[in-house]
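Whatever order the structure lists them in is the order used to number ligands and atoms, beginning at 1. Numbering of residues begins at 1 and proceeds along the displayed sequence. Given the structure is predicted, the values throughout are model-derived calculations rather than measurements.
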Amino acid sequence: MTVPVELIRHLVMAKRVTVLTGAGVSAESGVPTFRDAQTGLWAKFKPEELATPGAFRRNPRLVWEWYDWRRQRVASVQPNPAHRALAEMQNLFPHFTLITQNVDGLHQRAGSRNVIELHGNITRTKCFDEGTVVTSWPDTGDVPPKCPNCGGLLRPDVVWFEEPMPEAEIQMAIEASTHCDVFLSIGTSTVVQPAASLPFEAMRSGATVGEINPQPTPFTPEANFVLAGNAGLILPELLDRLR
Ligand code: OAD
């Protein structure tokens, strides 16, 4: 896939670049996406049994163990060329904002700074009752472990269905999306709100918007540039052309 020269031109002139990523960016690291047929997590598991506050109340052990399995998976994989290219790109523009729906921390492990995490981070743990982040707890063998402050149950610090997004992150993401010259939407099915509205907001605000995804999404018909392919191949090429 050749990156369109017009997109490179827009990027070379851009002062403000904003990127939104989704699970597709980590797919080539071996982290399953959510909605890809056969391989996506939601093709195998029911979100309402694993990723809602009600699910945790009903079966905290199941939910904790499922996230523990995902946590181990994430710890065992490495950032891929897409993560690394995005980490390099932050040094090429006066203002570069990376917004992610991913909870795997792979952007940060590749060197990206100030990542706006809309859905939290699977490597962090918080108290289900108090909402405070907890970094250590006594090993009592309880599953899930207990909060060292209040004795409540601990849970992953991610956003579940039926839960609000973190307000500060959403505001920063909207600001960066509506005040950029170029916006890139990469590896997201663009169906989960409010993240899904960001490329549309960017476009309405006058940005040039590109999408990198092997499959069409609801945003594809709107995008100025559609790069239909894998992020791990396209982003390194785009970076090479920018340097
Ligand atoms: P999805 O699983 O919905 O979509 C992944 C997208 O990545 C699809 O459009 C794929 O076509 C694309 N894709 C797959 N491989 C790719 C590759 N190598 N390069 C580029 N794109 C590729 O994941 P998200 O859009 O991130 O939320 O899902 C959004 C949210 O839904 C997640 O954050 C999660 C989920 O429920 C919560 O858990 C709150």
For ligand 1, which atoms have a heavy atom of Ala27 less than 4.0 angstrom away?
-> 15 (N)

Counting from 1, what ligand 1 atoms have a heavy atom of Val192 closer than 4.0 Å?
-> 29 (C), 30 (C), 31 (O)

Can you pull out the closest protein heavy atom to [atom]? Residue, atom name and distance to 0.1 Å, please.
atom                    : answer
atom 25 (O) of ligand 1 : Thr188 OG1, 2.7 Å
atom 17 (C) of ligand 1 : Gly24 O, 3.3 Å
atom 19 (N) of ligand 1 : Ala231 N, 2.9 Å
atom 32 (C) of ligand 1 : Phe34 CE1, 3.5 Å
atom 5 (C) of ligand 1  : Gly187 O, 3.7 Å
atom 23 (O) of ligand 1 : Ala23 CB, 3.5 Å
atom 11 (O) of ligand 1 : Asn213 OD1, 2.7 Å
atom 36 (O) of ligand 1 : Trp42 NE1, 2.9 Å

Nearest heavy-atom neighbours spanning Pro53 and Phe128 |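 Nearest heavy atoms, Pro53 then Phe128: O-CZ, 4.1 Å.
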
Test your reading of the structure: does [X] have an N or O sitting under 3.5 Å from an N or O of ligand 1?
X      : result
Trp160 : no
Asn102 : no
Pro214 : no
Gly22  : no
Ile212 : no
Ser189 : yes

Do Phe56 and Trp160 have ring centres separated by under 6.0 Å?
->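 Close enough - the centres of the two rings lie under 6.0 Å apart.
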
Which option, [options], owns the non-hydrogen atom nearest [atom]?
atom                    : options                        : result
atom 31 (O) of ligand 1 : Glu28, Arg35, His119           : Arg35
atom 38 (O) of ligand 1 : Val159, Leu233, Val158, Leu235 : Val159
atom 29 (C) of ligand 1 : Gln193, Met165, Gln101         : Gln101

Report yes or no: is the cationic atom of Arg71 (NZ for Lys, CZ for Arg) under 6.0 Å from the centre of the six-membered ring of Trp69, at an angle within 45° of the ring normal?
->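 That pair does not qualify as a cation-pi contact.
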
Would you confirm whether [X], through its side chain, and [Y], through its main-chain N or O, come within 3.5 Å as a donor-acceptor pair?
X      : Y      : value
Asn224 : Val209 : yes
Asn102 : Asp104 : no
Glu117 : Val103 : no
Asn230 : Gly232 : no
Ser112 : Gln108 : no
Asp181 : Arg16  : yes

Taking the non-hydrogen atoms of Phe161, is any one of them nearer than 4.0 angstrom to ligand 1?
-> yes

Would you mind checking if Glu88 and Arg243 are paired as a salt bridge, meaning a charged N to carboxylate O distance below 4.0 Å?
-> yes

Would you call Glu163 and Arg155 a salt bridge, taking side-chain N to carboxylate O under 4.0 Å as the test?
-> yes

Determine whether Glu65 and Val63 make a side-chain contact, defined as any pair of heavy atoms from C-beta on separated by less than 4.5 Å.
->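 The answer is no; the side chains never approach within 4.5 Å.
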
